[in-house]
Amino acid sequence: MTATRRAIGLMSGTSMDGIDIALIETDGRNAVQRGPSGFVAYDPAFRRQIEAGLEDAKSIRKRDQRPGGLAAIEQELTRRHGDAVLGFLSDYKLSTDTIDIIGFHGQTVLHRPQERLTVQLGDGQLLADMTGIPVVHDMRANDMVHGGQGAPLVPVYHQALAARVPIELGRGKPVVFVNIGGISNVTTVSAPGDPGAFDTGPGNTLIDQWVADRAGIAYDAGGMIASEGQVLAGAVARYMAKPFFALKPPKSLDRNDFTLEELGNPELADGARTLARVTADAILQAGAYAPEQPALWVICGGGRKNATVMADLAEGAAKSGAAVIAAEELGLNGDSMEAEAWAYLAVRALDGLPLTFPTTTGCDAAVSGGVVVKPNPQEAGRNIVRGSTSSP
């Protein structure tokens with residue numbers, strides 16, 4: 001029997017709101033024991049720095065380039081991740097020597113699959129030195145070397161979790177795991193075979209941008225603003241006519257591939273309501289690429305807390321007799337699932353197991369990935385205290 005490892009996963013997603021952190025014990029295959037999880041929010045000033053960095057990133061042509069303020073942002077972001085790990089270990093009274101590996105996603109600032117280019121800010125060596133724990137980072141690049149989109153990577157973890165779906169819910173039909181972050185993506189699990197997966201379209205990103213622009217708030221909490229508006233059918237049609245939706249999977253998106261331009265200039269609530277429908281319709285279209293109509297849609301990520309999006313998903317799925325549930329109804333944690341996945345992927349990377357498949361990213365063969373770095377004994381502890389003058 002394959003030995004299990006204790007792994008911490010770190011995820012800073014396209015919503016750019018903070019760091020999700022989760023601990024699991026796994027063999028990187030079927031054994032998954034979920035542990036505690038947490039979230040460390042970015043303060044508004046740092047979030048604005050990352051948003052500004054997205055503009056700098058548009059000029060990147062090689063993955064190691066860090067134009068403008070990106071180098072400084074990368075160091076600060078990594079230190080915040082290190083602090084998050086050390087705080088997490090302290091909170092749960094865990095020592096570093098009880099953790100085998102950290103899976104470090106970093107912050108995506110550019111994703112251009114058509115150019116085989118994806119950039120995640122994050123200094124894996126600095127994180128290893130801060131925490132004293134080996135780190136796997138840069139897990140998307142090898143997929144692109146092998147012809148893949150570099151995203152999504154979570155599907156193999158969704159496949160491991162699918163065993164938790166009760167028979168009466170699955171009904172022997174495909175089960176779709178949906179992550180609604182800044183961008184939405186789906187994983188279709190059906191036996192036998194590798195999972196199928198792709199990005200479906202905007203998740204929270206357009207809604208967040210809209211309410212920030214019009215109301216000066218970070219997001220539509222619970223979908224309350226959207227609940228007071230009307231769906232503008234013309235705007236929905238303009239979004240759904242975008243060329244991306246005509247592409248067959250696998251396919252993936254950059255955060256900037258969709259904008260508010262198609263929305264026009266409605267009032268606040270109507271805009272939020274319309275964008276919620278766009279998110280739901282884009283997700284439900286994914287059912288057309290399943291081997292047969294799914295029986296169950298399991299919703300993860302921050303978007304599951306938007307009651308308006310969830311209601312649209314439930315209404316649309318019911319037309320084909322399918323159910324929509326939040327991850328918690330399966331005993332899972334919809335907030336920490338991506339961080340758990342990065343921990344799971346780190347263990348798979350250590351064992352050389354595939355992270356991506358032709359059916360998930362379009363790579364030419366199932367491939368592993370990631371860069372493994374170990375703590376430098378000479379640097380251990382030097383970067384733990386914020387404000388240290390030591391060089392990373």
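Quick note: numbers below take in every heavy atom, side chains included, and nothing from hydrogens, waters or symmetry partners.
- Leu161 has its side chain within reach of Tyr157: a pair of non-hydrogen atoms, C-beta onward, lies under 4.5 Å apart.
- In this structure, Met337 and Asn179 have side chains that are not in contact, with every pair of non-hydrogen atoms separated by 4.5 Å or more.
- Formation of a donor-acceptor pair under 3.5 Å by the Arg348 side chain with backbone atoms of Leu353 is not found in this model.
- Asp254 places no side-chain N or O within 3.5 Å of a backbone atom of Arg112 that could act as its donor or acceptor partner.
- If you take CD on Gln293 and NZ on Lys173, they are separated by 8.5 Å, rounding to the nearest 0.5 Å.
- A donor-acceptor distance shorter than 3.5 angstrom exists from the side chain of Asp220 to the backbone of Met224, with no hydrogens or angles considered.
- Considering only heavy atoms from C-beta on, Phe258 stays 4.5 Å or farther from Thr205 through its side chain.
- Glu267 contributes a side-chain N or O that, together with a main-chain N or O of Ala269, makes up a donor-acceptor pair within less than 3.5 Å.
- Two residues are said to be in side-chain contact when any heavy atoms from C-beta on lie closer than 4.5 Å; Arg63 and Asp138 meet this criterion.
- With values rounded to the nearest 0.5 angstrom, Leu126 atom CG is found 11.5 Å from Asn376 atom CG.
- The shortest side-chain heavy-atom distance between Glu262 and Val278 does not fall under the 4.5 Å cut-off.
- Shortest non-hydrogen contact noted between Pro358 and Ala366 is CD-N, 3.8 Å.
- Distance check: Ile24 CD1 to Arg34 CZ gives 9.5 Å after rounding to the nearest 0.5 Å.
- No donor-acceptor pair under 3.5 Å is formed between the side chain of Arg214 and the backbone N or O of Ala272.
- Gln125 places no side-chain N or O within donor-acceptor distance of the main-chain N or O of Pro375, the cut-off being under 3.5 Å.
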Review point. Hey, mind stepping through Asp123 and Thr78 against side chain to side chain donor-acceptor pair (under 3.5 Å) and telling me if it holds?
Key: CA-CA 6 Å; Asp123 185 332; Thr78 303; 5.7 Å; no

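- Under a hydrophobic-cluster definition in which Ile, Leu, Val, Met, Phe, Trp and Tyr are linked whenever side-chain heavy atoms come within less than 4.5 Å, directly or via other members, Leu275 and Val309 are assigned to the same cluster.
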**Study point:** Derivation and outcome, side-chain contact (heavy atoms from CB on, under 4.5 Å), residues Leu355 and Val156
**Key:** CA-CA 7 Å; Leu355 308 186; Val156 69; 5.7 Å; no

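- Phe198 and Tyr289 have perpendicular rings, their planes meeting at more than 60° on a 0 to 90° scale where under 30° would count as parallel.
- Two different hydrophobic clusters hold Leu345 and Val373 under the rule that ILVMFWY side chains link at heavy-atom gaps under 4.5 Å.
- Between the CG atom in Asn306 and the CD1 atom in Ile299 there is a gap of 12.0 Å [rounded to 0.5 Å].
- Linking ILVMFWY side-chain heavy atoms closer than 4.5 Å, directly or via other members, places Met139 and Val372 in a single hydrophobic cluster.
- Counting only distance, with no hydrogens or angles, the side chain of Tyr344 and the backbone of Glu25 share no donor-acceptor pair below 3.5 Å.
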Point to revise | side chain to side chain donor-acceptor pair (under 3.5 Å) between His111 and Arg255, intermediate numbers included | key: CA-CA 8 Å; His111 186 71; Arg255 187 178 187 272; over 6 Å; no

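- For CD of Gln114, the number of neighbouring non-hydrogen atoms (other residues, nucleotides, ligands) closer than 6.0 Å is greater than 12.
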**Study point:** Working for side-chain contact (heavy atoms from CB on, under 4.5 Å), residues His146 and Thr356
**Key:** CA-CA 10 Å; His146 289 82; Thr356 57; over 6 Å; no

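- Under a 4.0 Å N-O distance rule, the pair Asp56/Arg66 does not qualify as a salt bridge.
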Practice item. Run the numbers on Tyr42 and Ser12 for side chain to side chain donor-acceptor pair (under 3.5 Å), then give the verdict. Key: CA-CA 10 Å; Tyr42 291 147; Ser12 179; 3.0 Å; yes

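- Put simply, the side chain of Glu329 does not reach to within 4.5 Å of the side chain of Val324, judged on heavy atoms.
- The shortest non-hydrogen separation linking Trp297 to Val178 is CE3-CG2, 3.7 Å.
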Check your understanding: Under the side-chain contact (heavy atoms from CB on, under 4.5 Å) criterion, do Val298 and Val175 qualify, and how do the steps go?
Key -> CA-CA 8 Å; Val298 182; Val175 173; 4.1 Å; yes

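- Put simply, the side chain of Leu23 reaches to within 4.5 Å of the side chain of Leu94, judged on heavy atoms.
- Taking each heavy atom of Ala282 and Gly201 in turn, the nearest pair found is CB-CA, 4.5 Å.
- Remark: Leu284 CG to Glu315 CD distance equals 10.0 Å, nearest 0.5 Å.
- Of the possible polar contacts, none joining the Asp208 side chain to the Tyr219 backbone as a donor-acceptor pair under 3.5 Å is found.
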Practice item. Test salt bridge (charged side-chain N to carboxylate O under 4.0 Å, His left out) on Glu55 and Lys58 and set out the steps. Key: CA-CA 5 Å; Glu55 289 300 313; Lys58 290 179 180 179; 3.0 Å; yes

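- Annotation: salt bridge (charged side-chain N to carboxylate O under 4.0 Å, His left out) contacts of Asp43 (sequence neighbours excluded): Arg80.
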Point to revise | Worked check of side chain to side chain donor-acceptor pair (under 3.5 Å) between Asp143 and Thr361 | key: CA-CA 8 Å; Asp143 176 75; Thr361 65; 2.6 Å; yes

Point to revise | Evaluation steps, side-chain contact (heavy atoms from CB on, under 4.5 Å), between Asp20 and Trp342 | key: CA-CA 10 Å; Asp20 288 305; Trp342 238 252; over 6 Å; no

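- Following chains of ILVMFWY side-chain contacts shorter than 4.5 Å, one cannot reach Ile99 starting from Leu86, and the two form parts of different hydrophobic clusters.
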Check: residues 181-191 side-chain donor-acceptor pairs under 3.5 Å, at least two apart:
from: Thr187; atom 1: OG1; to: His158; atom 2: ND1; distance (Å): 2.8

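- Residues Gly147 and Arg116 come closest through the heavy atom pair O-NH2, 3.1 Å.
- Salt-bridge formation is detected for the pair Arg5/Asp351: a Lys NZ or Arg NE/NH1/NH2 atom is positioned less than 4.0 Å from an Asp or Glu carboxylate oxygen.
- The two residues Thr274 and Ala235 have their closest heavy-atom pair at CG2-CB, 3.8 Å.
- Remark: Ala57 engages Ile60, Leu70, Val109, Leu110 in a side-chain contact (heavy atoms from CB on, under 4.5 Å) (not counting sequence neighbours).
- A donor-acceptor contact shorter than 3.5 Å links the side chain of Asp270 to the backbone of Gln230.
- Side-chain atoms of Arg304 do not come within 3.5 Å of backbone N or O of Ala326 as any donor-acceptor pair.
- Taking CG from Asp194 and OG1 from Thr359, the interatomic distance works out to 4.5 Å, rounded to the nearest 0.5 Å.
- By the criterion of side-chain heavy atoms lying less than 4.5 angstrom apart, applied directly or through intervening Ile, Leu, Val, Met, Phe, Trp or Tyr residues, Leu263 is grouped together with Ile217 in one hydrophobic cluster.
- In this structure the side chain of Met240 reaches within 4.5 angstrom of the side chain of Gln285, judged on heavy atoms.
- The two residues Thr26 and Gly28 have their closest heavy-atom pair at OG1-N, 2.9 Å.
- With respect to the salt-bridge test (charged N to carboxylate O, under 4.0 angstrom), the residues Lys305 and Asp335 qualify.
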